[in-house]
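Every heavy atom of this structure was used, including side-chain atoms; hydrogens, water molecules and symmetry mates were not. All ligand and atom numbering here is 1-based and tracks the order in the structure. Residues take their numbers from the sequence shown, with the count starting at 1.
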Amino acid sequence: MTQHWDVIIIGAGTVGLPAAVFASGRCDNVLLLDAAPEIGGTLHLSGGQMSAAGTRLQKERGIKDSAALHFEDVIRISKNTVDRDLVRLAIDNAAATLDWLETIGFQPLPAHPVKGQDHEPYSVQRYVWGKDMGKSILAVLKPQLEKVTEQERVTLKLNTRVSRLIQDDDGTVSGVVASTENGPEQNFSARSVVIAAGGFAANPAMYQDLSKQPAYADYSYPFCIGDGLTLGLDAGGVSRGHENVLTSFGSVMQSYDIPSKVRCDLNHWPERRLPWEIYVNAHGKRFIREDEPSVDVREHCLQGQPDARYWAVFDAVTLKEAPSLLAGHTAGEIKAAAVNNEPMFYTADTITELAEKAGLPSGALMDTVAAFNDGQAKSTDSFGRSHMPRPINQGPFYSVRAQGISVSGAVGLMVNQDLQIIRNDGSPVPGLYAAGEALGSGATMGSSVCGGMLVTPALTFGRMLGQHILPLD
Ligand SMILES: Cc1cc2nc3c(=O)[nH]c(=O)nc-3n(C[C@H](O)[C@H](O)[C@H](O)COP(=O)(O)OP(=O)(O)OC[C@H]3O[C@@H](n4cnc5c(N)ncnc54)[C@H](O)[C@@H]3O)c2cc1C
């Protein structure tokens, strides 16, 4: 039996929650479907870092900012690789989203907004997150959804995965086919359907296919397996963003499996800890000045190395005297991990043995260490590094392997300014909308990690779809 709805939203996550809440202000017949057993999607894992210009908070703190300046920063950081129109739409409407979140109880950390953390900084303090990261956002969205489900304006069906869109002969999307696990397929018809089903980073095969590199990390929301992209493409949509694939500058993985969980992060930010180690690639060669100040430069440099991977190499004195290389690990713990042959940790009495244990070419590593030590003695470095407190010459020697990883997929569906999925010729697929990571991270971040430019556009587009874009009146 087919049930009819004003709008069906596929995914009760970052996009889907505000979309449903705002749509319910204009109609009382919203169906929100999620494959997972709970709402929230990637907000359960996300840093929840958001960027918006011209917010109430900024004004209260006397910070001068504008959407034009935010746009300029995104273009600078991404080197103009984003979808400019979409970014402008997101940025022009971001402050209203942040202001709304605060109205419903979201509290940024006390010292916020800031210019940035972990990623390339903005020129102005416009970056915020809550104490529980993405969960701080979910905590304020959840009661909003509960209110409208209690009022029966929104019907929420969990454990319900959409497998197909229903299309009329002229291509108009008029509903979805969904089912619970082992349950029968059910048809739901609607005037509009919103794809808010997230990205594909939890689908290793799809990630490999679209990104041309393995999904190294098991770090994404397990239900984000690319259904949104598949549904949109099957309906006539087109994908883009293959060229925007970028990994982080390195995490230490728990195991050699691909994908693997992340054990910890390597503290590679020179503004927090100047490097004492050298970083070498699979050829045993350095590829960057380790104190390179731009995280964006570091990330792009690593992207060009074999398997987006490098080894930090250091000696016993550095282990003892330097601040810890690894987040949450003391020197003693690093030593113990290496001595116990835990994955990614290596130690040996000589550089040659270290290379063998770490799977690096020993001759090349010997030459690299010798060249670095020579430069250190002369206070010059072939890569222009300025922080070289000591040579690497006191055994035992150590190495920790770091892996570039992605938590989101760069590729996604093309949409127009009304967030309608468009075909190759630019015409919209009638009745079909999309937002969030289903558009690909490249749409709003380009080939960069541009602070807050996934969560904020996802929330903003969800809000806008519900508030005025969807034809509900
Ligand atoms: C560890 C991590 C940290 C991050 N940190 C940040 C950050 O600090 N700032 C930032 O801007 N971005 C960050 N991101 C990215 C950002 O959080 C996501 O891009 C964004 O939350 C995605 O929102 P979404 O609504 O598109 O997807 P989601 O919030 O994941 O929602 C998608 C929903 O769709 C459901 N679904 C999937 N398929 C189906 C189907 N077939 N039928 C029904 N339901 C389905 C899923 O269960 C899920 O609930 C981070 C991501 C990760 C993984």
Side-chain angles (χ1 to χ4, degrees), residues 8-20 31-52 74 90 94 116-119 127-130 133-138 141 156-165 176-181 188 193-203 215 217-232 234 248 251 261-262 265 405-410 412-413 434-445 449-463 465:
I8 295 173
I9 300 166
I10 308 170
T14 321
V15 171
L17 292 173
L31 179 61
L32 181 59
L33 301 173
D34 203 295
E38 59 180 347
I39 65 163
T42 301
L43 288 175
H44 289 282
L45 307 174
S46 178
Q49 301 183 327
M50 298 177 279
S51 53
V74 171
Q117 178 174 295
D118 296 351
H119 313 306
Y127 201 36
V128 299
W129 58 97
M133 321 297 272
K135 285 182 183 159
S136 295
I137 303 171
L138 180 56
L141 293 179
L156 171 68
K157 288 184 189 286
L158 296 172
N159 298 303
T160 306
R161 181 177 177 189
V162 172
S163 53
R164 286 198 311 281
L165 298 178
V176 308
V177 179
S179 57
T180 54
E181 206 182 349
F188 301 93
V193 172
V194 177
I195 294 180
F200 56 87
N203 180 337
D218 173 3
Y219 207 166
S220 305
Y221 194 58
F223 293 86
C224 289
I225 51 174
D227 283 356
L229 182 53
T230 305
L231 291 168
D234 287 351
S248 68
S251 297
K261 296 276 183 204
V262 170
D265 280 334
I405 62 165
S406 300
V407 294
S408 48
L413 296 160
E437 221 180 289
L439 307 184
S441 64
T444 47
M445 297 206 304
V449 184
C450 204
M453 283 306 290
L454 287 179
V455 166
T456 332
L459 293 165
T460 301
F461 291 160
R463 178 180 63 75
L465 280 161

Under 4.0 Å, heavy atoms only, figure out whether ligand 1 is touched by the backbone of Leu33, its side chain, both or neither. backbone

Check each atom of ligand 1 against the heavy atoms of Gly47 and keep those under 4.0 Å away; list them by number with element. 3 (C), 4 (C), 5 (N), 6 (C), 8 (O)

Looking at Gly436, which atoms of ligand 1 are within less than 4.0 Å of one of its heavy atoms? 26 (O)

Can you tell me which portion of Thr160 lies within the under-4.0 Å heavy-atom range of ligand 1? Options are side chain, backbone, both, or neither. backbone

Taking only heavy atoms of Met453, which atoms of ligand 1 are found under 4.0 Å from at least one of them? 11 (O)

For Ala196, the ligand 1 atoms whose distance to one of its heavy atoms is below 4.0 Å: 31 (O), 32 (C), 33 (C), 34 (O)

Of all heavy-atom pairs linking Ala196 and Gly16, the shortest is CB-N, 3.9 Å

At under 4.0 Å between heavy atoms, what of Tyr221 touches ligand 1? The answer is side chain

Can you list the ligand 1 atoms lying under 4.0 Å from a non-hydrogen atom of Val15? 25 (O)

Taking 4.0 angstrom as the limit and counting only heavy atoms of Gly13, give me the atoms of ligand 1 inside it, by number and element. 29 (O), 31 (O)

Provide the closest heavy-atom pair for Val455 versus Thr14 in the form atom of the first, atom of the second, distance. O-CG2, 4.1 Å

Answer yes or no: does an N/O atom from Thr456 fall short of 3.5 Å to an N/O atom of ligand 1? no

Are more than 12 heavy atoms, taken from residues, nucleotides or ligands other than Tyr127, located less than 6.0 Å from that residue's OH atom? yes

Please identify which atoms of ligand 1 are closer than 4.0 Å to at least one heavy atom of Gly452. 11 (O)

May I ask you to identify, for Met50, whether its side chain, its backbone, both or neither come under 4.0 Å of ligand 1 on a heavy-atom basis? neither

Tell me every residue that passes side chain to side chain donor-acceptor pair (under 3.5 Å) with Lys157, counting only those two or more places apart in sequence or in another chain. none

Straight-line distance of Arg161 CZ to Glu181 CD, nearest 0.5 Å: 10.0 Å

Considering only heavy atoms of Arg161, which atoms of ligand 1 have at least one such atom less than 4.0 Å away? 40 (C), 41 (N), 42 (N)

